[in-house]
Structures are given as C-alpha cells and as structure tokens.
2 protein chains.
Amino acid sequence: MQAYWHEGPTEVSINALCARSGVSKPSLYRAFGGEDGLTRAALTAYSQQVLAEVLAILDAPDGFDAALEGLVHYASESPLSDPGCLFVKMRAARERFGPQTQDLIDALGEGAIAAYVAFLDAARARGEWAGRVPTDLAARYLAAQIEAALARRAAGVPPDEVRAVLSLALSVLTAPDR
Amino acid sequence: MQAYWHEGPTEVSINALCARSGVSKPSLYRAFGGEDGLTRAALTAYSQQVLAEVLAILDAPDGFDAALEGLVHYASESPLSDPGCLFVKMRAARERFGPQTQDLIDALGEGAIAAYVAFLDAARARGEWAGRVPTDLAARYLAAQIEAALARRAAGVPPDEVRAVLSLALSVLTAPDR
DNA sequence: TCACTTTCGTACCACTTGGTACGTAATCTG
DNA sequence: CAGATTACGTACCAAGTGGTACGAAAGTGA
C-alpha cells in the first residue's frame, strides 16, 4: 500500500505522487492523515525493510572484520542503495518534514547507534576487536562513515570510489595498533 | 550587494528573499538574470570568501600535521561553519539548481580535490608525510571527510562529536604505519 | 426493495513558487 | 528648462503546493 511511495524519495509532491500512482488525493489523506503521516509511514516501511538487512550483516557469524567488510559492500555497492538510502536522504532534509516524521528520524538514528554499540560490544567481548577507541565513539564513527558513504553514493560518486574511501575510513577500527 | 543572500542558504525562496532584503523582484532579476544566476553569484561570492581560508590553512608553515589539525578545527569548531558550509549544502541539493550553478558546484568540487592533491604532494615532497595511501585517494578521502564533517555540523551534531569523528578519520593519514 | 451508512473522487480552496509587462519616476543630455 | 533614456517597482501571470467540501457511487442492514 505504500510501496509506490518509494519511487519518489523527497522531492516528489503529493499531487505528482497521486497522479502517478492512480490514487485520489482524499483517499491518500484518509489513509495517512496528511503529509507528515505519509512520510512517517514511508520511512517506517523503508526502515523495516532495510534495518533488518543491516542487522543481519552485523550479526553475521564470520567475525568482526567480515561484518565490517559486509557493511562496506552494502553501503558502497549494494544495488538497494543505488538510488540512495531513504533514511539518509530524509535525515539530511529533516527540517522539511513534520514533527512525527522528525521524531521517527531521530529515533531511527539513535537506534542505529545503539545497534552499532551492541555490535562493537559483542565483538570486544568475543575478543575479535581490541581497538583502543572507546566503543561509543567507534559506534558514532561507524554510523557517520556509513551515512557519508550512502550520501556520496546518492550524489553520484562511483561505487568504486565510495568503497575505497569507506574502506580506508573503517581501517581505523581494524588496524592492529588501534 | 549579495551579502544578504547568505542569510538564506538553500531553502529560502526568491519572494521571501526580496521581501526580507527590501529589493524588488525585477531589480533582482535585472541584476542576476534569473534564479540560476543568483545562486551562482551567491556561491561564487561564498567560495571566494571561504576557499581563501581553507587554502591558507593548507599553506600554513607549521607542517603537515598542523595543517590537518587546522582543517579539523576549521570544519568542526569554526563559527564560520556554524550555519553550515554553503558549498556543502548546495552540493547536497545539486539537482535543485540551474545548469550554471551546477557547473560551478562541479568546478569547485574538482578545485578542492586539486588543492588537496597539491597539499599532499607538497607534504610528501617535504618529507612530512610518508603515507602509503595513494595521493589521489588520500585527497578524495580528505575531501569526503571534511565535507561529511561540515554536513554533520549543519545537521546539528555537537562540535565536540564532529571533531572527535573527524580527528579519528584523519588519523588514518597521520598514523606512522600508513 | 428500501433506507442508511460508508467509501470514493471531482472539483475546488487559499497560498506560494519563479518570472514579467508596463506605467512611473529619476537621471542624463542638450 | 525640455526631451530622451534609463532605472525602478507595483501589480500581475501561469503553474504548482498541501489540503478539503461535497455530491455521487457502492456497500449493508432489514
């Protein structure tokens, strides 16, 4: 019911969306109750689809380095992030959305940080990661680098370059002396 | 004559800009010839003001590490980048602008890369930087990290966190084994 | 079959967007 | 001071924005 919204990320208007999807405007308003509810519902659906994949990467049984490599691959080369991550785009344009959507954006951002913290804590406990960087900073660093890579990807930077830069950035966490 | 444009970064309309600055719309159109010329002129003025500062940081006589430290300070704590770097914001919304402005955005981006390459080459020649990372990749990495830091700054992330993340990212270049 | 409720979409609302036609006022030239 | 020219701004334009009033169609009960 909300899949057709994904075609238009942030720049599509409600008028164009209705015309393109063949749904009348009042129907859309009855279903979502305004633009804020619509954007919130779209981001909810997207996050449920995507967060699961990221969490699956983090929970991969191949160890810390393999998980990081999976993140690099996902952010830089996955076709799913070809048109750009909806969450990243919406976070960049946070001010344009209504309060409900802004709250959801913030909550998803904090949830991502929490997931990274859990991932790093688990890796440290398993002895797969002996970094000297504090876990909290490493989590925020991870989130910032992934987000930047997805943003660069959406801006049209070639996947190879995105991968090289992201890989170099994450080497801070894997280098043996850090 | 264009200073009042800086108050409104990307989200301000021409109508609001004219109303706020007391300039009639036809006058503005006669001076700049449309929105594309206006945004281009604004970005030109901004770049002349800002690029000089960045180049001065890169040319600082205190050596490679000090220059990097200067970049970190500039991107994360400088009050000039408090409302966010206009170039970064406009580059993120590149598609919204006219062809002239898009060309200028691209040219400024390539110019920044070239400046970083020159900076790294000079540091390598002086023996202040012995990194194993290829110069071209290091330059793009530098540009990506600075841009990401400025974007995070504009998004409301506290300067301390921006600084910590950026400093950690740039440690890839200063670490003795890389 | 009839009355009632509920869903649905046409056609509108006020408002903002970028952009301009044209009359007026100021300035320059003689 | 008169005449030509230039700069200026009111008041408009079509198109698009998010949002809704209201009549018609469809379903539901007896």
Side-chain angles (χ1 to χ4, degrees), chain A residues 1-47 83-84 86-87 89-106 154, chain B residues 1-47 83-84 86-87 89-106 154:
Chain A
M1 201 170 194
Q2 311 149 348
Y4 49 78
W5 165 257
H6 284 233
E7 77 181 24
T10 312
E11 307 297 334
V12 67
S13 73
I14 289 189
N15 288 326
L17 176 65
C18 290
R20 217 166 297 170
S21 60
V23 174
S24 76
K25 244 195 300 186
S27 294
L28 192 145
Y29 275 84
R30 274 185 281 266
F32 298 101
E35 195 175 25
D36 194 13
L38 178 67
T39 51
R40 181 186 171 95
L43 184 53
T44 299
Y46 180 84
S47 70
L86 183 64
F87 170 62
K89 285 187 175 181
M90 290 182 74
R91 188 176 213 182
R94 181 179 178 277
E95 305 295 331
R96 285 179 163 268
F97 299 103
Q100 290 185 47
T101 306
Q102 289 193 7
D103 289 349
L104 178 57
I105 291 173
D106 296 342
Chain B
M1 198 165 196
Q2 311 150 350
Y4 49 77
W5 164 256
H6 284 229
E7 76 181 23
T10 312
E11 306 297 335
V12 68
S13 73
I14 289 189
N15 289 325
L17 176 65
C18 290
R20 220 166 296 171
S21 61
V23 174
S24 77
K25 247 194 300 185
S27 295
L28 193 144
Y29 274 84
R30 273 184 281 266
F32 298 102
E35 193 174 24
D36 193 11
L38 179 66
T39 51
R40 182 188 171 94
L43 184 53
T44 299
Y46 181 83
S47 69
L86 184 64
F87 170 62
K89 285 187 175 181
M90 290 181 74
R91 188 179 213 179
R94 180 179 178 278
E95 305 296 330
R96 286 178 162 266
F97 299 104
Q100 290 186 44
T101 306
Q102 289 192 9
D103 290 348
L104 179 58
I105 290 174
D106 296 341

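Naming convention: chains lettered A, B, ... in sequence-line order (proteins, then strands); numbering from 1 in each chain. The model shown is predicted, which means the values in this text are computed figures rather than measured ones.
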Of the candidate nucleotides [options], which contains the atom at the shortest distance from the side chain of [X]?
| X | options | value |
| --- | --- | --- |
| B/Asn15 | C/dG18, C/dT10, D/dG9 | C/dG18 |
| B/Glu35 | D/dG19, C/dT10, C/dG19 | C/dG19 |
| A/Pro26 | C/dG18, D/dA21, D/dG18 | D/dA21 |
| B/Ser27 | C/dG18, D/dG9, D/dG18 | D/dG9 |

[N] [atom2] sits how many Å from [X] [atom1], rounded?
| X | N | atom1 | atom2 | value |
| --- | --- | --- | --- | --- |
| A/Ile14 | D/dG16 | CD1 | C1' | 13 Å |
| B/Phe32 | C/dT20 | CZ | C1' | 18 Å |
| B/Leu17 | C/dG19 | CG | P | 13 Å |
| B/Glu11 | D/dT17 | CD | P | 16 Å |
| B/Leu38 | C/dT20 | CG | P | 14 Å |
| B/Arg30 | D/dC8 | CZ | P | 7 Å |
| B/Leu28 | C/dG19 | CG | C1' | 11 Å |
| B/Tyr29 | C/dG19 | OH | P | 4 Å |

Test item: A/Leu38 and A/Tyr29 side chains (from C-beta on) under 4.5 Å apart, heavy atoms: no
Heavy-atom check, side chain of A/Asp106 versus side chain of A/Arg94, under 4.5 Å: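 A/Asp106 reaches A/Arg94 side chain to side chain.
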Distance, nearest 0.5 Å, that separates CZ of B/Arg91 from CG of B/Leu104: 11.5 Å
For A/Ala93, all residues meeting side chain to side chain contact (heavy atoms under 4.5 Å, CB included), sequence neighbours excluded: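 Side chain to side chain contact (heavy atoms under 4.5 Å, CB included) list for A/Ala93, sorted by chain: A/Thr10, A/Arg96, A/Phe97.
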Presence of A/Ser13 side-chain N/O under 4.0 Å of D/dT17 phosphate oxygens OP1/OP2: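 Yes, because at least one side-chain N or O of A/Ser13 sits under 4.0 Å from OP1 or OP2 of D/dT17.
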